[in-house]
Amino acid sequence: MKIFLAISQIIYVISFLPWLLVFGMSFMSFDQGFGVWNVSFVGGIALYPVAVIAGAILGWILHKRSKRAAIIWNLVPLLWWVGIGSLFLFA
């Protein structure tokens, strides 16, 4: 359990480098003006580090109480990976 938490969080920290590129590029969505969808898009991408930090903290807090809850909270940042991956796949 501890090994899974540690390895997944190391992968999340390594993923901050591509996230910086995606975050910087996301501001190009404002080229055609400001809109609710543009702000939501950039805001959603900007929340990735918050999800990683919250998932890591809650994962380590919950790992003694409930292993399943710890794994679920630790996997929350994967939602961003799935979202960006599907955007790149279908765009």
Side-chain angles (χ1 to χ4, degrees):
M1 177 64 176
K2 290 181 182 181
I3 295 172
F4 172 76
L5 288 174
I7 290 173
S8 63
Q9 290 168 9
I10 289 170
I11 292 170
Y12 291 150
V13 169
I14 292 170
S15 73
F16 279 141
L17 293 173
W19 172 82
L20 282 172
L21 177 67
V22 171
F23 182 64
M25 299 286 288
S26 70
F27 285 100
M28 290 190 336
S29 69
F30 294 119
D31 286 347
Q32 299 297 321
F34 287 91
V36 175
W37 296 110
N38 299 357
V39 174
S40 299
F41 176 71
V42 174
I45 292 174
L47 286 176
Y48 177 71
V50 175
V52 169
I53 293 168
I57 291 171
L58 288 170
W60 283 107
I61 288 173
L62 294 173
H63 89 278
K64 287 189 179 180
R65 293 184 199 162
S66 171
K67 292 182 180 184
R68 177 177 281 188
I71 290 172
I72 290 171
W73 276 108
N74 196 41
L75 293 177
V76 166
L78 282 180
L79 294 173
W80 274 261
W81 287 23
V82 170
I84 294 295
S86 65
L87 182 68
F88 285 136
L89 184 66
F90 295 117

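Throughout, residue positions are numbered sequentially from 1 according to the sequence presented. Just so you know, these numbers come straight off a predicted model, no measurement behind them.
Leu47 CG to Leu79 CG: the interatomic distance, rounded to the nearest 0.5 Å, is 12.0 Å. The CD1 atom of Ile45 sits 10.5 Å away from the CE atom of Met25 when rounded to the nearest 0.5 Å. In this structure, the separation between CG on Leu75 and OG on Ser8 is 7.0 Å, given to the nearest 0.5 Å.
Evaluation of the ring-ring contact (aromatic ring centres under 6.0 Å, His included) rule for Phe4 yields no partner, not counting sequence neighbours. Partners of Ile14 according to the side chain to side chain contact (heavy atoms under 4.5 Å, CB included) rule, which considers only residues two or more places apart in sequence or in another chain, are Ile10. With sequence neighbours excluded, no residue satisfies side-chain hydrogen bond (donor to acceptor under 3.5 Å, both in side chains) with Ser26.
Among all heavy-atom pairs drawn from Pro49 and Ala46, the shortest one is CD-O, 3.2 Å.
Trp73 CH2: 12 or fewer foreign heavy atoms inside a 6.0 Å radius. Surrounding CD1 of Ile3 are at most 12 heavy atoms belonging to other residues, nucleotides or ligands under 6.0 Å away.
Note: the hydrophobic cluster containing Ile7 also contains Met1 (ILVMFWY, side chain heavy atoms under 4.5 Å, direct or indirect links). Phe23 is not connected to Leu17 by any chain of hydrophobic side-chain contacts under 4.5 Å among Ile, Leu, Val, Met, Phe, Trp and Tyr, and they are in different clusters.
Alongside Val82, the hydrophobic cluster contains no other residue (criterion: ILVMFWY side chains under 4.5 Å).
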Listing, residues 30-41 side-chain donor-acceptor contacts under 3.5 Å, not counting sequence neighbours, or none:
residue, atom, partner, partner atom, Å
Asn38, ND2, Ser29, O, 2.9
Asn38, ND2, Gly33, O, 2.7
Ser40, OG, Val36, O, 2.8

Hey, can you pull the donor-acceptor pairs under 3.5 Å for the side chains in residues 50-67, sequence neighbours left out?
residue, atom, partner, partner atom, Å
Trp60, NE1, Gln9, OE1, 2.8
His63, ND1, Trp60, O, 2.7
Ser66, OG, Ala69, N, 3.3

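Annotation: side chain to side chain donor-acceptor pair (under 3.5 Å) contacts involving residues 79-91, sequence neighbours excluded, comprise Tyr48-Trp81.
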